[in-house]
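Here is the naming used below: chain letters follow the sequence lines, and residue numbers restart at 1 for every chain. Note that this is a predicted model, so its numbers are computed, not measured.
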There are 2 protein chains.
Amino acid sequence: MKQVGEIIREKREEKGLLLRHLAAEIDIDQALLSKIERGERKATKEQIVKFETVFALKKGELMLQYLSENIAYDIIEEKNPIDVLHVAEDKVEYLRKQNKRK
Amino acid sequence: MKQVGEIIREKREEKGLLLRHLAAEIDIDQALLSKIERGERKATKEQIVKFETVFALKKGELMLQYLSENIAYDIIEEKNPIDVLHVAEDKVEYLRKQNKRK
DNA sequence: CATTTAATGGACAAATATAGTCAAATATTC
DNA sequence: GAATATTTGACTATATTTGTCCATTAAATG
């Protein structure tokens, strides 16, 4: 199961880019990119969008990994993380219906 | 589908407590409690634990609602929130296995 | 193996988000 | 309509996140 940072590093190396090249494209410091790739820091949503563009990934593909990874790490230390996700699912479905109605 | 704030308000009223009484027990300003009950502000995890104690709820019961509610609102505006949750579930399961092994 | 180049670590600063308070304005109850 | 309870909004404090700089380490190259 690949982490977002790993995916980014792989893609960067596939393209033969150096940290500083990709960092420049994303418009961040190369040290920060290094940390993101190694999972020491999290990217922002905006940066994930940029990565998708630079790597020509399907829109939302990396974002899906990113969002779910954040959630997973947020709750992994909790009592019943799986239950939390199931209840969250109920709530999302409920909220969507609500929105549809109005 | 009840929101955390609503649950708190119900419980408080069941016990016949005023905002300022419960606020004192939880050790926050009553204005903040008012906002939490109406969903204008979010409680902290620590406060949720206190609410569980004050209301003699099963440990983790309110926390489950709280955590899942936060997640639901975090992703409701995203493209495929349900997919996000499913992938998050995979990741949680993966992380747990990892932990077990070491 | 010495130099150059790339990547990483750590301390700090800036920006943003969250939590909390106070006092005034509203609403509710008697 | 006075007293009590709740809500609102502006503001401050605190915590967290994001980003940069520069020193250090690691890797590659002549």
Side-chain angles (χ1 to χ4, degrees), chain A residues 2-55 62-63 65-78, chain B residues 2-55 62-63 65-78:
Chain A
K2 248 174 276 172
Q3 291 181 276
V4 168
E6 303 179 78
I7 296 171
I8 293 170
R9 175 149 296 187
E10 273 183 18
K11 294 287 173 190
R12 174 173 66 82
E13 291 177 342
E14 270 176 30
K15 291 190 79 176
L17 296 174
L18 295 178
L19 279 174
R20 80 179 118 89
H21 297 141
L22 180 55
E25 291 213 63
I26 304 298
D27 192 32
I28 54 174
D29 193 283
Q30 75 164 43
L32 180 54
L33 176 55
S34 168
K35 286 164 194 170
I36 289 170
E37 287 187 349
R38 287 169 300 111
E40 191 187 317
R41 291 285 188 93
K42 282 182 355 187
T44 65
K45 260 157 76 164
E46 290 69 33
Q47 289 158 0
I48 294 297
V49 172
K50 288 184 185 177
F51 283 121
E52 287 183 345
T53 304
V54 169
F55 295 136
L62 192 62
M63 187 63 77
Q65 295 302 315
Y66 170 79
L67 294 170
S68 56
E69 182 174 305
N70 289 349
I71 290 174
Y73 283 107
D74 276 355
I75 62 171
I76 191 69
E77 303 297 339
E78 302 295 334
Chain B
K2 246 174 276 173
Q3 291 182 275
V4 167
E6 300 180 79
I7 297 171
I8 293 170
R9 174 149 294 185
E10 272 183 19
K11 294 287 172 189
R12 174 173 67 82
E13 289 177 343
E14 271 174 29
K15 292 191 77 176
L17 296 174
L18 295 178
L19 278 173
R20 80 177 116 90
H21 297 141
L22 180 55
E25 291 213 63
I26 303 297
D27 193 32
I28 54 173
D29 194 283
Q30 75 165 40
L32 181 52
L33 176 55
S34 167
K35 286 165 193 173
I36 289 170
E37 287 187 349
R38 286 170 299 111
E40 190 186 318
R41 290 287 187 94
K42 282 183 355 185
T44 65
K45 260 158 74 164
E46 292 67 33
Q47 287 158 0
I48 294 296
V49 171
K50 288 184 185 177
F51 283 120
E52 286 182 347
T53 305
V54 169
F55 295 135
L62 192 61
M63 187 63 77
Q65 296 302 315
Y66 171 79
L67 294 170
S68 56
E69 182 174 306
N70 288 348
I71 290 174
Y73 283 106
D74 276 355
I75 61 170
I76 192 67
E77 302 297 339
E78 302 294 333

*Checking all strands, does A:Glu40 fall into the base, sugar-phosphate, or nothing category for heavy-atom contacts under 4.0 angstrom?*
sugar-phosphate
_Residues B:Lys45 and A:Glu78 bridged, charged N to O under 4.0 Å_ = yes
_Quick one, B:Lys42 with B:Val4, criterion side chain to side chain contact (heavy atoms under 4.5 Å, CB included). Give me CA distance, side-chain angles, the key distance, then yes/no._
CA-CA 9 Å; B:Lys42 282 183 355 185; B:Val4 167; over 6 Å; no
*asked:* With a cut-off of less than 4.0 Å, is there a side-chain N or O of B:Arg38 near OP1 or OP2 of D:dT8?
replied: yes
*Distance in angstrom units between B:Tyr73 OH and C:dT18 C1', rounded*: 19 Å
*Can A:Glu37 and A:Arg12 be counted as an ion pair, charged N to O under 4.0 angstrom?*
yes
*Nucleotide D:dC22, atom P - distance to CG of A:Leu19 in whole Å*: 19 Å
Distances under 3.5 Å between protein N/O atoms and the N/O atoms of nucleotides 27-30 of chain C, please, pair by pair.
none

*Is a donor on one side and an acceptor on the other found under 3.5 Å between the side chain of B:Gln47 and the backbone of B:Thr44?*
yes
*Is the closest side-chain heavy-atom distance between B:Lys11 and B:Leu17 below 4.5 Å?*
no
Which pairs, protein N/O on one side and nucleotides 12-21 of chain D N/O on the other, fall under 3.5 Å?
| from | atom 1 | to | atom 2 | distance (Å) |
| --- | --- | --- | --- | --- |
| D:dG19 | OP1 | A:Gln47 | NE2 | 3.1 |
| D:dG19 | OP2 | A:Gln47 | NE2 | 2.7 |
| D:dG19 | N7 | A:Arg41 | NH1 | 2.8 |
| D:dG19 | O6 | A:Arg41 | NH2 | 2.7 |
| D:dT20 | OP2 | A:Asp29 | N | 2.8 |

*For B:Ser34 and D:dT7, is the shortest distance between a side-chain N/O and OP1 or OP2 below 4.0 Å?*
yes
*Starting at CG of B:Leu33 and ending at P of C:dC22, how long is that distance when rounded to a whole Å?*
16 Å
*Can we say A:Arg38 and A:Glu6 salt-bridge, meaning some charged N sits less than 4.0 Å from an Asp/Glu carboxylate O?*
no
_With no hydrogens and no angle check, just 3.5 Å: does a side-chain donor-acceptor pair link A:Tyr73 and A:Gln3?_
yes
*Between B:Glu10 and B:Lys2, is there a salt bridge with N-O shorter than 4.0 Å?*
yes
*asked:* With side chain to side chain contact (heavy atoms under 4.5 Å, CB included) as the criterion, how do B:Leu22 and B:Val54 come out once you've worked through the C-alpha distance, each side chain's angles and the decisive distance to 0.1 Å?
replied: CA-CA 8 Å; B:Leu22 180 55; B:Val54 169; 3.9 Å; yes
*Would you say B:Arg41's side chain and B:Lys35's backbone share a donor-acceptor pair under 3.5 angstrom?*
no
*Please state how far atom NE2 in A:His21 lies from atom P in C:dT5, giving the value in whole angstrom units.*
12 Å
*With a 4.5 Å limit on heavy-atom distance, are the side chains of B:Ile28 and B:Ile36 in contact?*
yes
*Could you check how far CD of B:Glu37 sits from P of D:dT8, rounded to whole Å?*
12 Å
*Send over the distance from A:Leu18 CG to C:dT5 P, rounded to a whole Å.*
12 Å
Pairwise N/O distances under 3.5 Å, protein to nucleotides 25-30 of chain D:
none

